[in-house]
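Below: one structure, written as structure tokens.
In what follows, chains carry the letters A, B, and so on, assigned in the order in which the sequence lines appear, proteins first and then strands, with residues in each chain numbered from 1.
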There are 2 protein chains.
Amino acid sequence: MCESPTPTRNPLERILDSSYELFSQHGVRAVGVDAIVAHAGVAKMTLYRYFASKDELVLAFMERREQRWTKGWVQAGASHRAASPEGRLLAIFDLFDEWFQRDDFEGCSFINVLLEIDDRQHPVHQAAVRHLFNIRAFLKHLAEEAGVRDPDGFSRRWHILMKGSIVAAGEGDRGAARAAQDVGRLLLAAEDITVDHSEHVSKASRQAVAR
Amino acid sequence: MCESPTPTRNPLERILDSSYELFSQHGVRAVGVDAIVAHAGVAKMTLYRYFASKDELVLAFMERREQRWTKGWVQAGASHRAASPEGRLLAIFDLFDEWFQRDDFEGCSFINVLLEIDDRQHPVHQAAVRHLFNIRAFLKHLAEEAGVRDPDGFSRRWHILMKGSIVAAGEGDRGAARAAQDVGRLLLAAEDITVDHSEHVSKASRQAVAR
DNA sequence: GGGGCACTAGACCGGTCTGTATAAGCCCAT
DNA sequence: ATGGGCTTATACAGACCGGTCTAGTGCCCC
């Protein structure tokens with residue numbers, strides 16, 4: 001009688017949920033549509049009723065990844081943990097640190113797709129580039145708020161730290177987030193020398209160091 | 001009569017050469033054994049005479065990648081371009097800068113394999129981790145020579161910059177090497193403040209900046 | 001010249017992939 | 001109750017995958 005509480009009865013949502021779980025965990029190339037429909041408990045024809053091809057499903061997955069991971073976790077989490085732009089930039093690596101300790105650490109799906117689909121003309125590859133660009137837009141926004149000299153260059157450097165630490169975590173380095181955060185503090189300190197010397201940074205640094 | 005000058009008549013070498021070209025360019029998952037034997041101009045049975053499985057061929061490819069890329073290009077190139085350990089660390093990004101401008105930029109095969117084969121127990125995945133560790137061993141050696149406080153941590157941070165810039169180049173950012181090099185200079189400068197103030201760094205920095 | 005060996009060419013096997021076709025079941029609204 | 005649309009289950013097509021088998025070819029060395 002009393003079944004599971006709202007077992008995501010909607011087939012479309014079940015497909016999207018299963019795609020998110022399987023694609024993010026094992027990659028879009030390793031997971032076939034059969035695995036997704038089996039995990040979702042729907043018929044394959046139902047999937048192809050909503051998506052013309054697997055590629056379109058992958059694109060929908062990446063949109064969802066941006067909503068959940070980029071916006072719902074990185075941006076919201078960083079904004080919640082610190083008030084100043086410098087503190088929010090550093091807080092990204094606090095989030096990463098917790099992320100890297102998880103046994104089901106799955107890496108950045110945009111990086112994974114970018115490298116899995118090497119054809120630069122492929123729409124899925126281009127979508128990965130676009131979603132990574134959107135992450136950088138958030139970093140650039142924070143950099144502008146922090147008043148750095150070159151917000152675009154700064155966001156690129158910060159993103160290099162993020163991506164490098166994610167790959168390092170994929171190797172098994174659980175301290176990669178702290179290592180990248182240390183470098184990030186140097187980046188901020190170098191900016192503060194020539195821009196300003198507000199106390200927000202030291203506050204965020206103390207908070208991060210204390211842990 | 002006069003055929004192509006020594007067309008790598010040896011079938012084993014033809015297989016290894018084709019594996020290197022195709023695997024490094026398109027990834028070990030996207031390239032099948034049929035494509036390799038076709039490119040090498042050998043019979044499939046010849047491949048399976050020398051390698052028990054595709055996985056073993058991939059392992060042989062990664063060994064060759066370490067010989068050619070890690071040792072023959074990164075380590076030899078950095079050692080040739082600068083004499084001091086600090087200069088050699090920075091020279092890595094000079095090499096990367098030229099690499100990133102190439103139209104056939106293929107990325108780091110070890111990172112690609114690491115993310116393509118997500119199973120941490122898989123020997124190919126573990127081999128990728130090992131080859132990345134070997135790169136870090138070279139960085140650690142330079143860090144020790146430079147006299148940094150924490151050579152292991154320093155090599156991890158430097159490697160994060162390398163890996164992050166490679167991913168950024170995969171996105172299409174042709175300036176990623178210079179961006180990472182700028183951050184690398186900050187790392188070296190931070191070390192010099194607390195360790196020593198030898199002139200090698202400033203020499204290397206001048207050399208790198210002057211270009 | 002003849003035996004042995006590496007190599008070639010191509011068919012072939014079982015499995016997996018994306019995507020389609022078909023037929024039956026279910027639910028809801030008229 | 002009776003359609004009609006959504007969903008299901010299942011089978012299937014065609015391509016590709018890693019890997020095997022076989023028959024035949026050329027070459028080198030005794």
[X] has an atom [atom1]; how far is it from atom [atom2] of [N], in whole Å?
| X | N | atom1 | atom2 | result |
| --- | --- | --- | --- | --- |
| B/Asn10 | C/dC5 | CG | C1' | 15 Å |
| A/Glu116 | C/dC17 | CD | P | 14 Å |
| B/Tyr50 | C/dA6 | OH | P | 8 Å |
| A/Arg49 | D/dG4 | CZ | P | 16 Å |
| A/Arg14 | D/dC6 | CZ | P | 17 Å |

Between the main-chain N or O of [Y] and the side-chain N or O of [X], is there a donor-acceptor pair closer than 3.5 Å?
| X | Y | value |
| --- | --- | --- |
| B/Gln101 | B/Asp97 | yes |
| B/Arg29 | B/Glu116 | yes |
| B/Ser165 | B/Met162 | yes |
| B/Ser155 | B/Asp152 | yes |
| A/Ser24 | A/Glu21 | yes |

Give B/Phe51 one of three labels, base, sugar-phosphate or nothing, depending on what nucleic acid heavy atoms sit under 4.0 Å from its own.
-> nothing
Before accepting this row, confirm whether a basic side-chain N of the pair A/Arg185/A/Asp182 lies closer than 4.0 Å to the acidic partner's carboxylate O.
->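 Salt bridge: yes.
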What does the list of N/O pairs under 3.5 Å between the protein and nucleotides 18-25 of chain C look like, with a distance for each?
{"residue": "C/dT18", "atom": "OP1", "partner": "A/Lys54", "partner atom": "NZ", "Å": "2.8"}
{"residue": "C/dT18", "atom": "OP2", "partner": "A/Val33", "partner atom": "N", "Å": "2.9"}
{"residue": "C/dG19", "atom": "OP2", "partner": "A/Tyr48", "partner atom": "OH", "Å": "3.0"}
{"residue": "C/dG19", "atom": "OP2", "partner": "A/Lys54", "partner atom": "N", "Å": "2.6"}
{"residue": "C/dG19", "atom": "N7", "partner": "A/Lys44", "partner atom": "NZ", "Å": "3.0"}
{"residue": "C/dG19", "atom": "O6", "partner": "A/Lys44", "partner atom": "NZ", "Å": "2.5"}

Phosphate OP1/OP2 of D/dT7 contacted by A/Thr46 side-chain N/O (<4.0 Å) = no
